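Residue indices begin at 1 and follow the sequence shown. Owing to the predicted nature of the structure, the values given are computational and were not obtained by experimental measurement.
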Amino acid sequence: MGVSHKGAISLGLLYIPISLYTTTRNNDVKFNQLCKDTKERVRYKKYCPSCNKEVKSDDIIKGYEYDTDKYVVMTQDELEKIKTKKDKTIHIIQFVNIPEIDQIYYEKNYYAIPDSGAEKAFELLRTVMLTQGKVALAKTVMGTKENLLVLYPTKEGMIAKTLFYQDEIVAVPKQIPKVDLSDAEIAMAKTLLDSLTKPFDPSAYKDEYQERLRDAIMQKIRGEDIVAVDSSEPSNVIDLMEALQKTIEMSENQKKAGTA
């Protein structure tokens with residue numbers, strides 16, 4: 001696994017060199033775009049109309065369009081020159097109680113791994129944050145963006161979670177109207193939740209659609225027809241209490257059968 005970002009946690013005189021590694025990988029089936037007639041793969045070329053030729057990656061530079069068809073070029077050296085010492089570190093701004101950050105602000109996760117020799121300072125910070133129920137709010141520049149992030153302590157280590165800024169969050173498109181709920185409806189819904197509550201086991205879940213997709217691809221490779229799966233739509237809920245009761249009965253039957 002390659003390093004996504006190298007830096008150091010900076011807190012006053014405390015300096016903890018770390019590396020950030022991505023926490024996930026993409027296992028989705030990938031499709032290529034093909035020509036409808038020839039079934040050949042469609043190729044994309046980077047082309048300069050003035051030079052009338054294809055441009056290679058080594059010949060491409062960064063430019064900002066400040067007016068129509070007018071660009072100012074920024075080299076990598078120039079981009080590095082405007083980074084301050086704080087930009088090059090993961091500078092802790094403050095500590096926050098874990099529940100205070102709304103989930104909508106979380107963007108990407110990275111494993112934060114201390115460099116050799118920095119383990120003790122890293123472990124001290126992790127332990128104290130975990131026991132106090134705190135996360136560290138910090139800033140650092142990754143690429144050409146100053147990221148707001150939190151250092152989130154876990155039992156095994158620490159996760160660096162990048163955050164969206166306030167102005168990147170889109171307002172709710174439509175307000176949900178308030179409705180009245182009866183005590184009976186709330187009690188029935190609680191019973192449903194209780195019947196379906198059990199410890200979280202991530203290994204129990206997998207992408208079942210991707211499995212069916214891979215099977216369908218193999219069927220086509222073997223020259224077989226794709227057989228449609230059950231695609232019936234659930235009927236509209238007319239009687240809420242009846243729907244809750246039937247859902248509870250289904251859950252109980254699944255538990256008895258050992259399929260829940």
Side-chain angles (χ1 to χ4, degrees), residues 1-12 14-31 79-80 83-173 197-211 213-214:
M1 184 190 303
V3 177
S4 297
H5 181 73
K6 288 189 71 68
I9 298 172
S10 173
L11 175 60
L14 196 64
Y15 188 83
I16 310 171
I18 65 167
S19 299
L20 301 184
Y21 298 82
T22 55
T23 60
T24 59
R25 61 172 173 259
N26 188 341
N27 291 328
D28 292 351
V29 171
K30 296 178 176 60
F31 289 96
L79 293 173
E80 289 297 322
K83 289 183 181 179
T84 67
K85 186 177 180 180
K86 284 184 179 180
D87 293 337
K88 298 178 181 180
T89 64
I90 299 173
H91 177 68
I92 293 177
I93 305 167
Q94 68 176 83
F95 292 93
V96 182
N97 293 322
I98 289 176
E100 290 182 16
I101 300 178
D102 194 300
Q103 294 295 313
I104 197 172
Y105 288 98
Y106 288 119
E107 183 185 14
K108 294 179 181 178
N109 292 336
Y110 297 90
Y111 292 118
I113 307 296
D115 291 355
S116 179
E119 293 89 352
K120 187 170 184 177
F122 181 88
E123 179 59 17
L124 175 62
L125 183 61
R126 184 198 71 83
T127 300
V128 174
M129 285 199 299
L130 189 62
T131 56
Q132 296 296 107
K134 308 285 187 183
V135 295
L137 187 66
K139 274 190 172 185
T140 191
V141 173
M142 299 171 67
T144 57
K145 181 181 179 181
E146 183 178 55
N147 289 93
L148 187 65
L149 54 83
V150 294
L151 299 174
Y152 193 102
T154 68
K155 291 182 179 180
E156 302 298 328
M158 197 180 294
I159 304 293
K161 297 171 172 281
T162 57
L163 302 177
F164 290 107
Y165 285 100
Q166 177 68 51
D167 60 3
E168 293 178 300
I169 303 296
V170 177
V172 179
T197 298
K198 58 184 179 180
F200 174 59
D201 178 12
S203 65
Y205 305 97
K206 56 187 177 182
D207 190 334
E208 296 179 12
Y209 177 79
Q210 285 288 311
E211 289 188 349
L213 177 57
R214 288 185 172 90

- Query: Taking C-beta and beyond as the side chain, do Val135 and Pro153 meet within less than 4.5 Å on heavy atoms?
  - Reply: yes

- Measure the shortest side-chain to side-chain distance between Leu124 and Lys120 over non-hydrogen atoms and say whether it is less than 4.5 angstrom. no

Show me the donor-acceptor pairs, under 3.5 Å and distance only, between side chains in residues 106-113 and residues at least two apart or in other chains.
residue	atom	partner	partner atom	Å
Glu107	OE1	Thr162	OG1	3.4
Asn109	OD1	Lys161	NZ	3.4

- Task: Output all residues satisfying side chain to side chain contact (heavy atoms under 4.5 Å, CB included) with Val3, sequence neighbours left out; order by chain, then residue number.
- Result: Lys6, Ser19, Tyr21

- Where Thr154 and Arg126 come nearest, the two heavy atoms and their spacing: O-NH1, 2.7 Å

- Query: At their closest point, which heavy atom of Ile18 faces which heavy atom of Pro114, and how far apart are they?
  - Reply: CG2-CA, 3.9 Å

- Query: Looking at Thr89, Leu14, Leu125, which one forms a side chain to side chain contact (heavy atoms under 4.5 Å, CB included) with Ile9?
  - Reply: Leu125

- Rounded to the nearest 0.5 Å, how far apart are CG of Asp207 and CG of Asp28? 6.5 Å

- Note on the structure: Residues at least two apart in sequence or cross-chain that pass side chain to side chain contact (heavy atoms under 4.5 Å, CB included) with Glu211, listed by chain then number, are Lys206

- Message: Would you say that Ile104 contacts Phe164 through its side chain, given a criterion of any heavy-atom pair below 4.5 Å between the two side chains?
- Response: no

- Which distance, rounded to the nearest 0.5 Å, do you find between the NZ of Lys155 and the CG of Leu130? 8.5 Å

- Message: To check you understand the geometry: which heavy-atom pair defines the closest contact between Pro17 and Ala8, and what is its length?
- Response: CA-CB, 3.7 Å

- Task: For the pair Asp201 (side chain) and Ser203 (backbone), establish whether a donor and an acceptor sit closer than 3.5 Å, ignoring hydrogens and angles.
- Result: yes

- side-chain contact (heavy atoms from CB on, under 4.5 Å) evaluation trace for Lys88 with Val141: CA-CA 6 Å; Lys88 298 178 181 180; Val141 173; over 6 Å; no

- Query: Got Met158 and Tyr152 here, is their nearest side-chain heavy-atom distance under 4.5 Å?
  - Reply: no

- salt bridge (charged side-chain N to carboxylate O under 4.0 Å, His left out) partners of residues 92-104, not counting sequence neighbours, each pair once: none

Side-chain atoms of residues 143-151: list all donor-acceptor pairs with protein atoms under 3.5 Å, sequence neighbours left out, distances to 0.1 Å.
residue	atom	partner	partner atom	Å
Lys145	NZ	Glu168	OE2	3.2
Glu146	OE1	Lys139	NZ	3.3

- Check whether any side-chain heavy atom of Leu137 sits under 4.5 Å from a side-chain heavy atom of Leu163, and report yes or no. yes

- Side-chain contact test, heavy atoms from C-beta onward, threshold under 4.5 Å: evaluate it for Gln210 versus Val29 and give yes or no. yes

- Task: To the nearest 0.5 Å, tell me how far Asp115 CG sits from Glu119 CD.
- Result: 8.5 Å

- Could you tell me which residues satisfy side chain to side chain contact (heavy atoms under 4.5 Å, CB included) with Asn27, sequence neighbours excluded, listed by chain and number? Arg25

- Query: Does Tyr105 reach the side chain of Gln166, with side-chain heavy atoms less than 4.5 Å apart?
  - Reply: yes

- Query: Below 4.5 Å, heavy atoms only, C-beta onward: do Leu213 and Phe31 meet side chain to side chain?
  - Reply: yes

